[in-house]
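All figures in this text were calculated on a predicted structure; none of them were measured in a lab. Positions are given from 1 along the sequence.
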Amino acid sequence: MREYQILHFDNSPVDLMRWQLGGSTGAHPKEFAAEWGGHPRWTKSEFPNGDPSSPVLSRRIADLLRDDLEKAGRLLPVRIEKAEADEYLLYLVEQVADCLDMERSSPPDRLGRVQQSVFRPEALPADVPAFRSMGFPTAVCWNGWAVELLSGLLGDLLEARLVWSEDPGLVPHPDPWGF
């Protein structure tokens, strides 16, 4: 992230991960708290965290992509000290798909992360920007077309890591969740 400020959450994403692991039923957190990390003179990133369970977007990016984003989830406020209300929004991805081939994927590590994912193409929800799989519900996976949109808006502020592809010429990142 070079010289960009990033967000550091308090413990509020823990409740989000419990909700994700619990089958996304019941009440999910409605608000999140974070603070900026990095030198105060550095620019604030518009995609300011690397937690795969809880992507955060600036209001500008969220507004530009809102119609697509809301197909798979909702945008929730992130409270940041000395920041305008709703300046940054957490993207709560509600779309869950039974698309991870658990027999062909690597077994989950002790934190539940699947390092080498193999998806069943016919079960992928390609019409939404992002989804979570039943086999690894705490990770938000972005579809390629959404990554292209985000990359077009964010440039090198976005580190996209390939998790899986049907194209044998494309090699998935060896540690896609190791941010």
Side-chain angles (χ1 to χ4, degrees), residues 1-20 28-95 111-115 117 128-133 136-165 170-179:
M1 289 300 294
R2 292 184 301 290
E3 294 184 353
Y4 288 94
Q5 291 186 58
I6 58 173
L7 283 178
H8 299 285
F9 282 106
D10 63 1
N11 286 332
S12 52
V14 172
D15 291 333
L16 171 63
M17 290 174 69
R18 285 186 185 125
W19 177 80
Q20 291 168 328
H28 58 75
K30 304 288 188 233
E31 185 176 88
F32 300 84
E35 62 182 24
W36 287 109
H39 197 284
R41 283 184 266 182
W42 291 352
T43 302
K44 291 179 171 107
S45 174
E46 290 195 85
F47 197 99
N49 77 326
D51 187 332
S53 69
S54 49
V56 174
L57 305 162
S58 69
R59 162 67 65 192
R60 180 183 83 85
I61 299 296
D63 285 347
L64 288 170
L65 301 177
R66 183 175 301 277
D67 289 343
D68 285 323
L69 295 173
E70 289 180 342
K71 292 176 185 174
R74 62 185 76 201
L75 295 160
L76 301 172
V78 177
R79 284 184 292 109
I80 306 167
E81 189 174 325
K82 299 178 186 172
E84 292 181 34
D86 297 344
E87 184 178 353
Y88 284 81
L89 302 163
L90 182 137
Y91 184 36
L92 176 80
V93 176
E94 297 170 295
Q95 175 78 42
L111 297 175
R113 295 177 299 206
V114 176
Q115 292 301 320
S117 300
V128 295
F131 63 92
R132 296 181 297 115
S133 72
F136 185 12
T138 58
V140 172
C141 297
W142 294 83
N143 277 310
W145 64 266
V147 172
E148 288 177 16
L149 286 174
L150 285 167
S151 293
L153 294 168
L154 297 167
D156 66 355
L157 287 179
L158 181 70
E159 181 179 346
R161 293 185 176 185
L162 183 65
V163 175
W164 175 82
S165 175
L170 297 175
V171 179
H173 192 281
D175 190 13
W177 309 112
F179 290 96

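- Closest non-hydrogen pair, R161 versus P176, comes out as CD-O, 3.7 Å.
- Atom CZ of R18 and atom CD of Q20 lie 12.0 Å apart (nearest 0.5 Å).
- Nearest heavy atom pair, residue H8 against residue W36, reads CD2-C, 4.3 Å.
- Taking the side-chain contact (heavy atoms from CB on, under 4.5 Å) definition, one finds that T43 meets it with Y4, sequence neighbours left out.
- Between E46 and L153 there is no side-chain heavy-atom pair separated by less than 4.5 Å.
- Two residues are said to be in side-chain contact when any heavy atoms from C-beta on lie closer than 4.5 Å; V56 and F9 meet this criterion.
- For R132 (side chain) and P137 (main-chain N/O), a donor-acceptor pair under 3.5 Å exists by modelled atom type.
- The distance from the CZ atom of R59 to the CG atom of L75 is 7.5 Å, given to the nearest 0.5 Å.
- Residues S54 and N49 come closest through the heavy atom pair O-ND2, 2.8 Å.
- Y91 and W142 have tilted rings, their planes meeting at an angle from 30° to 60° on a 0 to 90° scale.
- A search for side-chain contact (heavy atoms from CB on, under 4.5 Å) contacts involving P77 returns E31, D86, not counting sequence neighbours.
- Taking the side chain as every heavy atom from C-beta outward, N143 and F131 approach each other to under 4.5 Å.
- How far CG of D175 is from CD of Q115: 5.0 Å, rounded to the nearest 0.5 Å.
- When all heavy atoms are compared, the tightest approach of K44 to Y88 is CB-OH, 3.7 Å.
- Taking every heavy atom of both residues into account, P129 and A146 meet most closely at O-CB, 3.4 Å.
- Pairs passing the salt bridge (charged side-chain N to carboxylate O under 4.0 Å, His left out) check and including a residue from residues 68-77, sequence neighbours excluded, read R66-E70, D68-K71, R74-E94.
- You'll find the side chain of E87 stays beyond 4.5 Å of the side chain of I80, heavy atoms only.
- Annotation: the span from L65 atom CG to L150 atom CG amounts to 5.5 Å, rounded to 0.5 Å.
- Going from atom OG of S53 over to atom CZ of F136 covers 9.0 Å, rounded to the nearest 0.5 Å.
- Note: F47 CZ to L154 CG = 7.5 Å, rounded to the nearest 0.5 Å.
- Residues P29 and L76 come closest through the heavy atom pair O-CD1, 3.3 Å.
- Within the 4.5 Å cutoff, no side-chain heavy atoms of V93 are placed close to those of V128.
- Under a 3.5 Å cut-off, the side chain of Q5 and the backbone N or O of W42 do form a donor-acceptor pair.
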